[in-house]
There are 2 protein chains.
Amino acid sequence: MAAVATREQIVAAADRLFYHGGYEHTSFADIAGAVGLSRGNFYYHFKSKDAILDAVIDARLADTRRMLEQWEAEAPTPAGRIMRYVEIVLTNRADIQDYGCPVGTLTTELAKLEHAMLGQAGRLFTLFRTWLREQFVLLEHAEQADELAMHVLAFSQGVAVMANAFHDEAFIQREVDRMREWLHTYER
Amino acid sequence: MAAVATREQIVAAADRLFYHGGYEHTSFADIAGAVGLSRGNFYYHFKSKDAILDAVIDARLADTRRMLEQWEAEAPTPAGRIMRYVEIVLTNRADIQDYGCPVGTLTTELAKLEHAMLGQAGRLFTLFRTWLREQFVLLEHAEQADELAMHVLAFSQGVAVMANAFHDEAFIQREVDRMREWLHTYER
DNA sequence: AAGATCGTAGGACAGCTGTCCTAGAGCGCC
DNA sequence: GGCGCTCTAGGACAGCTGTCCTACGATCTT
């Protein structure tokens with residue numbers, strides 16, 4: 001098997017396992033089992049568990065950039081684009097109810113572990129923050145753009161934590177509706 | 001030393017360590033070191049790690065009930081009491097920036113671990129939810145009381161995750177101000 | 001003073017962790 | 001055929017995990 005394909009398989013499996021079970025709780029043996037490789041052989045592809053996490057974060061950053069570009073292509077207005085972000089809690093509601101937000105839960109876990117890769121994980125949040133800020137600038141709220149971006153991020157994190165805790169789909173829908181109305185007051 | 005005092009010391013130390021470093025990441029050795037006991041001797045006080053977690057959750061439930069009673073005694077109006085809840089993200093901002101919300105992060109972690117004690121941890125959320133709902137009933141919004149309670153909970157969780165990720169005190173203050181204005185629209 | 005009870009230290013136990021090494025299989029190229 | 005490279009399996013390694021047991025010191029009761 002080509003090494004590059006195996007590496008991608010490892011990263012994909014690790015991404016899923018880190019999201020579902022948490023970073024520390026996921027062992028080399030778990031990832032090896034998911035990919036179908038022997039545990040000891042991992043050193044050939046990644047020299048440490050941190051290196052896998054680094055690769056997973058890089059992959060998530062790339063995926064996120066692709067998703068944001070797609071949103072920009074599909075939604076013509078900045079408000080529509082912001083709503084695309086807001087609605088991911090609906091789109092991904094099944095996973096969110098089971099595992100929370102992939103970005104929020106990873107960042108929270110790494111902060112508790114005082115893990116060196118915490119800064120890297122923070123780039124995922126910053127990517128969304130910067131993109132949302134740009135949309136609010138386009139909405140002609142340049143002055144408060146960053147504050148509004150942070151508010152939208154906090155919305156999604158709050159909904160994710162509560163949806164994960166209570167498994168309440170109606171709650172998610174209500175909060176998205178509430179957010180849509182709030183966003184309308186910033187449209188022009 | 002009296003066994004009951006030692007037990008309380010263990011629970012207090014475990015509570016702090018679980019909050020700061022997470023449940024799974026905290027070992028018997030860590031707790032033993034914090035209390036000044038030998039690791040093997042723990043079996044005398046708690047027959048398993050889950051039993052410690054159970055005791056920690058019970059202690060947090062009792063502490064929370066005390067806090068809610070105090071809020072009721074100190075704040076005469078339901079809106080004032082709700083604001084007491086909203087303002088804990090300011091009151092505890094130092095800890096929240098370092099470790100997130102104690103309730104939210106524990107629930108999120110236990111969900112990923114598929115831990116048997118997840119239901120117990122959920123009672124912490126439910127305690128706040130029920131109390132907030134009662135306050136909105138007193139505000140004569142009985143019909144939407146539970147929805148509004150969930151919205152306030154989501155607010156606090158969102159702010160906690162973002163404050164933990166970005167360490168931004170001004171953001172916390174702005175979100176509390178925003179929440180205060182929102183709450184005014186429900187006062188009469 | 002003798003005995004029972006309470007709380008403790010220390011270590012044994014199997015099992016798992018991340019890391020690292022060695023040997024060899026499979027393959028293309030000369 | 002023989003060389004060299006890529007990729008792999010399997011196991012060794014020290015260290016840690018939660019659990020559990022035994023032996024002993026301190027304290028209290030009678």
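The model shown is predicted, which means the values in this text are computed figures rather than measured ones. A, B, ... follow the sequence lines: proteins, then strands. Residue 1 opens every chain.
Closest to the side chain of B:K49, from the set C:dC6, D:dA9, D:dT19, is D:dT19. Nearest to the side-chain atoms of A:F28 among the listed nucleotides C:dT19, C:dT17, D:dT8 stands C:dT19. For B:A29, taking side-chain heavy atoms from C-beta onward, the closest of the listed nucleotides C:dT17, D:dT17, C:dC6 is D:dT17. Residue B:R39 places its side chain closer to C:dA12 than to any other of C:dG18, C:dA9, C:dA12. Side chain of B:Y44, nearest nucleotide from D:dT8, C:dA9, C:dC6: C:dC6. When distances are taken from the side chain of B:H45 to each of C:dT8, C:dG18, D:dT8, the shortest belongs to C:dT8.
No more than 12 heavy atoms of other residues, nucleotides or ligands sit less than 6.0 Å from atom CD of A:E114. B:E74 CD: more than 12 foreign heavy atoms inside a 6.0 Å radius.
Here C:dC16 presents its P atom at 14 Å from CD of B:E24, a figure rounded to the nearest Å. Remark: P of C:dT19 and CG of A:L53 are 12 Å apart, rounded to the nearest angstrom. Look at CG on A:L37: it is 5 Å from P on D:dA9, rounded to the nearest Å. Atom NE2 in B:H25 sits roughly 12 Å away from atom P in D:dC16 (whole-Å rounding). Between B:Y43 atom OH and D:dT22 atom P there is a gap of 12 Å when expressed in whole angstrom units. Put simply, CG on B:N41 is 12 Å from C1' on D:dC24, counting in whole angstrom units. A straight line from CZ of A:F46 to P of D:dT8 spans 12 Å, rounded to a whole angstrom. Between the CD1 atom of B:I31 and the P atom of D:dT17 there is a distance of 11 Å, given to the nearest Å.
Using a 4.0 Å heavy-atom criterion, one finds that B:S38 contacts the bases of the nucleic acid, with or without backbone contacts as well.
In this structure, A:T6 does not reach the D:dT6 phosphate: none of its side-chain N or O atoms is under 4.0 Å from OP1 or OP2.
Taking each heavy atom of B:A75 and B:G80 in turn, the nearest pair found is CB-C, 3.9 Å.
No side-chain donor from either of A:T105 and A:Y99 sits under 3.5 Å from a side-chain acceptor of the other.
Ring pair B:H115/B:Y23 is perpendicular by interplanar angle, where above 60° counts as perpendicular and below 30° as parallel.
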